[in-house]
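Heads up, the thing below is written out as structure tokens.
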Amino acid sequence: MQFTAQQIATLIQGKLEGNPDAKVSDVAKIEEAEDGSLCFISNPKYEEYLYTSKASVVIVNDSLELTKPVAPTLIRVKDAYSGFALVLEKYNEMVAGRGKTGIEQPSYVAPTATLAADVYVGAFSYIGERAVIGKGVKIYPGCYIGNNVVIGDNAKIYSGVKIYDECHLGCNVVIHSGTVLGGDGFGFAPLDDGSYKKIPQLGNVIIEDDVEIGANTTVDRATMGSTIIRKGVKLDNLIQVAHNVEIGENTVIAAQTGISGSTKVGRNCLIGGQVGIVGHIHIADGTKVNAQSGISKSVINMNTTINGTPAFDYKSSLKSQAIFRNLPELQHRLQKLEEMVQELNALLITQNLEYKK
Amino acid sequence: MQFTAQQIATLIQGKLEGNPDAKVSDVAKIEEAEDGSLCFISNPKYEEYLYTSKASVVIVNDSLELTKPVAPTLIRVKDAYSGFALVLEKYNEMVAGRGKTGIEQPSYVAPTATLAADVYVGAFSYIGERAVIGKGVKIYPGCYIGNNVVIGDNAKIYSGVKIYDECHLGCNVVIHSGTVLGGDGFGFAPLDDGSYKKIPQLGNVIIEDDVEIGANTTVDRATMGSTIIRKGVKLDNLIQVAHNVEIGENTVIAAQTGISGSTKVGRNCLIGGQVGIVGHIHIADGTKVNAQSGISKSVINMNTTINGTPAFDYKSSLKSQAIFRNLPELQHRLQKLEEMVQELNALLITQNLEYKK
Amino acid sequence: MQFTAQQIATLIQGKLEGNPDAKVSDVAKIEEAEDGSLCFISNPKYEEYLYTSKASVVIVNDSLELTKPVAPTLIRVKDAYSGFALVLEKYNEMVAGRGKTGIEQPSYVAPTATLAADVYVGAFSYIGERAVIGKGVKIYPGCYIGNNVVIGDNAKIYSGVKIYDECHLGCNVVIHSGTVLGGDGFGFAPLDDGSYKKIPQLGNVIIEDDVEIGANTTVDRATMGSTIIRKGVKLDNLIQVAHNVEIGENTVIAAQTGISGSTKVGRNCLIGGQVGIVGHIHIADGTKVNAQSGISKSVINMNTTINGTPAFDYKSSLKSQAIFRNLPELQHRLQKLEEMVQELNALLITQNLEYKK
């Protein structure tokens, strides 16, 4: 990319201070910027870098008050961060290849599949029978879209995603490489001889609009009914979502977390990485879960923060963790106290007092 | 699907009570059933739903005693759950596409590979040199089957599975999308300069009959010899099985668990999700491991249940966990006791008793 | 493979003792060896097996002193382990298929991509626009190499690897199946209505020379700049490396570990499996981290070993863990002590001593 300060100012409707012809060809953090870099300063603690930065253009908040002269061209907007994000977005749209359309060969599109306008199907991708692919959908190379799958408008399915039969994805959904949607739920009934019989998994997975799912995550199909990822949910990489789970709107879950079967996670939750949640429980709306926690029972109250395995109130758990570290000292204090009480007791006995242990 | 109650009764050899022409077009839980739903009641605690359910057909145990009139058509069998599972299975067989055979184009089958009758090879799948594919095997689109791989009769290899050279899979094995079998074990020898030299991984992976493995799981090949998954084992998604591990018959392991190199897991174990097991140990037959546990030494006694990191006896660990939660209170009690003993001591000194701390 | 003892001795420049025509056709551990096995003994504790082993050829250290007659042919070298590894390596090179070159059809190579000499591109692999593939690189079937990706000489990219646009891989890099490099970092800005706006991820991933990455691991692209895996790093399977992370030279990380955004891991670290590391911290060079630990703040001192969640000094944490197991006993002791002190106190009161609680 190459933009002038003026072009950027126009794009984000900002007020320009300095050289309107300053050119930027990459983006950088303010503290690492070079000639040609575009930066932003949103957090006041980074303002100090402004006076020594080699950046060519810096987007700043309207409210910023300069205390010294600055070399870079400044663009003032109400919210520097949003302004910067907008530039990145425009840049992203311009990046080569992201705008591909058409059916790349060789690929496999079942004759009964329906593809809307402006779809991209990458080479080596497979679209099953009766699949319905919405407008502007991009399916990168090497994907598998099973029979009867429905994908909403403008979804992006990155290379190597596998979607089993019958799953439904909403509009603007983004699925990153290697993610598997709709694999069989993990259900087996024990038989008398110690072996197991598979319980057929007949449901599907429903992913609502505006969901983004990272790489190599797995979302299993329901035994019956649907495993449901509600509107606006963001899942990171390598997450496990078991059969019949439901994740509420706008909940965000970090990498390597696992949710066991039939658990319902509320909306607007923030769940850290490597968290484990047992099956058949409810997590209240707005729950925050610290990384590596293990949740073994329902979270009833909304907007609480929990931590630990098994997880409980965050602040209390930090206290317990702090004492855990000092357990050897605690044990030592207990032992000294035991000795002292024994000696006190012995002393009283020598005084012919009647106490006996 | 659309079945009549009569068709289902005939299929599962049940005794019909009610309208033989009642039609079902989906399956549901008894408490969520609608008109057209097929349900079952196996657990007596769900019997209450029977009297208010909108289900069209319900499969129940022979032994069920009605206490009120019911609207749905009933089908009585000895074991309602098994009867229901049988219906699902039949339905599954009828689902479109699951019965595919033949070699879909474009695909790559090495001239030295051997394919038995009724095999399905999906488009974009690759079958290496001297691979041997058994009768009725289904290899979905986009799989990689390396050189000299052997796959037993009726195995199902879902889309995007990668099987490295020399691995052997038994009959009726099911491998879900994205799983990797036979990647190199993680073996590196440290050199004097701090770098590492790769230890060649020459073994393979053996998956015995009736094993099912979930999505995006990884099973590494042995350094020498074989990493072995015994008959009837069920592995969930995103599990790591390191080189030279052996997992005993009918052991079931939940998602995101990891087993380090050369560990032998016994038969009929039940291992929860996100469990970690160190290398070079033995886990006795019938061991149950709670989710998120970390096993740092061999489990010697059979049929025990363990929990925690490091894991120990389940019930004891629950007690320790309960006290962990109360550590701040415990610390407070200890402190009060220290103060009290100090005061007692001081008192005795004022009484000219000889005790000194 | 079939080698004679003489061929092996020549290959590794060892001194032969016994029958030079002894034939080996597989490799085995000394304690499990059969007729036809090649073994090595590096650790003295395995020497006892030498006298009863059925192995045909055993590689031993020069320094080994025999105490009894042995049946196998011996080959003496300075370091038996290295000698053995060398044989394995040569064998590996000979294994069928590992030496493939050329462009297998059908595959997709963009017209603007540049492929050096002796490259192998497997069927169903996709090479994007302006990608640059070095000499001797092997790209197994079903890979996706995005636009502008650079891969250094002699890299091995196993089947089903997905590399997003702009990522750079060094020489001799090995990437196992299903691994995803360069997926979007997990960055979303909260909006007032509770939903999230994606922060465009414009950076890339840089993998330096001699790195090996296991199967189904994910390394996210940086928001800006690069996520960097330094020279000689070894990553196991199912690891999560978030955006803007940097991992120092020759650091080794076991399976299922996750590293959050912007964290810098030093060089020569050894990190166990299922470890979680929070974002925006530094881990000092030479840090050792026990499996399943959770690191919540920077590790400042080099060459320390840590354990637990939250992680602290390894030896201290083992003591705390031991006491954790005994918490019920500790609580019981505390309770007895409380009772005893109460009784002592009561006694003193009966003696008309003034102390009152």
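Heavy atoms only: backbone and side chains are in, while hydrogens, waters and symmetry mates are out.
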If you measure from [atom1] on [X] to [atom2] on [Y], what distance do you get to the nearest 0.5 Å?
| X | Y | atom1 | atom2 | value |
| --- | --- | --- | --- | --- |
| B:Asn244 | C:Lys29 | CG | NZ | 5.5 Å |
| C:Leu344 | B:Asn345 | CG | CG | 11.0 Å |
| C:Asn172 | B:Lys198 | CG | NZ | 12.5 Å |
| C:Phe324 | B:Ile323 | CZ | CD1 | 9.0 Å |
| B:Ser195 | C:Lys231 | OG | NZ | 7.5 Å |

What closest approach, in Å, do [X] and [Y] show between heavy atoms, and which atom pair accounts for it?
| X | Y | value |
| --- | --- | --- |
| B:Thr217 | C:Asn216 | O-ND2, 3.8 Å |
| B:Ser125 | C:Phe124 | O-CE1, 3.3 Å |
| B:Val275 | C:Gln274 | O-NE2, 3.1 Å |
| C:Ser159 | B:Lys162 | OG-CD, 3.3 Å |
| B:Pro200 | C:Ala85 | CG-O, 4.0 Å |
| C:Ala254 | B:Phe186 | CA-CE2, 4.3 Å |

Non-hydrogen side-chain atoms of [X] and [Y] separated by less than 4.5 Å:
| X | Y | value |
| --- | --- | --- |
| B:Ser320 | C:Pro328 | yes |
| C:Phe84 | B:Ile199 | no |
| C:Gln321 | B:Pro310 | yes |
| C:Glu338 | B:Met340 | no |
| C:Leu327 | B:Lys319 | no |
| B:Thr218 | C:His176 | no |
| B:Arg333 | C:Gln335 | yes |
| C:Asp236 | B:Asp220 | yes |

Answer with side chain, backbone, both or neither: which region of [X] has an atom nearer than 4.5 Å to a non-hydrogen atom of chain B?
| X | answer |
| --- | --- |
| C:Ile253 | backbone |
| C:Glu212 | side chain |
| C:Leu235 | backbone |
| C:Ala291 | neither |

What residue in B:Gly294, B:Gly183, B:Ser260 has the most heavy-atom pairs under 4.5 Å with chain C? B:Gly294
Name the member of B:Ala242, B:Gly182, B:Ser293, B:Gly185 that forms the most heavy-atom pairs with chain C at distances under 4.5 Å.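 Ranked by heavy-atom pairs under 4.5 Å with chain C, first place is B:Ser293.
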Around atom OH of B:Tyr196, are there more than 12 heavy atoms of other residues, nucleotides or ligands at under 6.0 Å? yes
Near B:Phe188 CZ, under 6.0 Å, is it more than 12 heavy atoms from other residues, nucleotides or ligands?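 Yes - once you tally the heavy atoms of other residues, nucleotides and ligands closer than 6.0 Å, there are more than 12.
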Testing the 3.5 Å rule here: is there a donor-acceptor pair between the side chains of B:Tyr126 and C:Glu104?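 There is such a pair (donor and acceptor under 3.5 Å, judged by atom type) between the side chains of B:Tyr126 and C:Glu104.
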Determine yes or no for a side-chain-to-main-chain donor-acceptor pair under 3.5 angstrom, with [X] supplying the side chain and [Y] the backbone.
| X | Y | value |
| --- | --- | --- |
| C:Gln292 | B:Thr309 | no |
| B:Tyr164 | C:Ser177 | yes |
| B:Gln256 | C:Gln256 | no |

Side chain, backbone, both or neither of B:Leu337 within contact of chain C (heavy atoms, under 4.5 Å): side chain
Top contributor to chain B contacts, counting heavy-atom pairs under 4.5 Å, from C:Val233, C:Leu238, C:Asp210: C:Leu238
For chain B, find which of C:Ala255, C:Pro141, C:Gly178 contributes the most heavy-atom pairs closer than 4.5 angstrom. C:Pro141
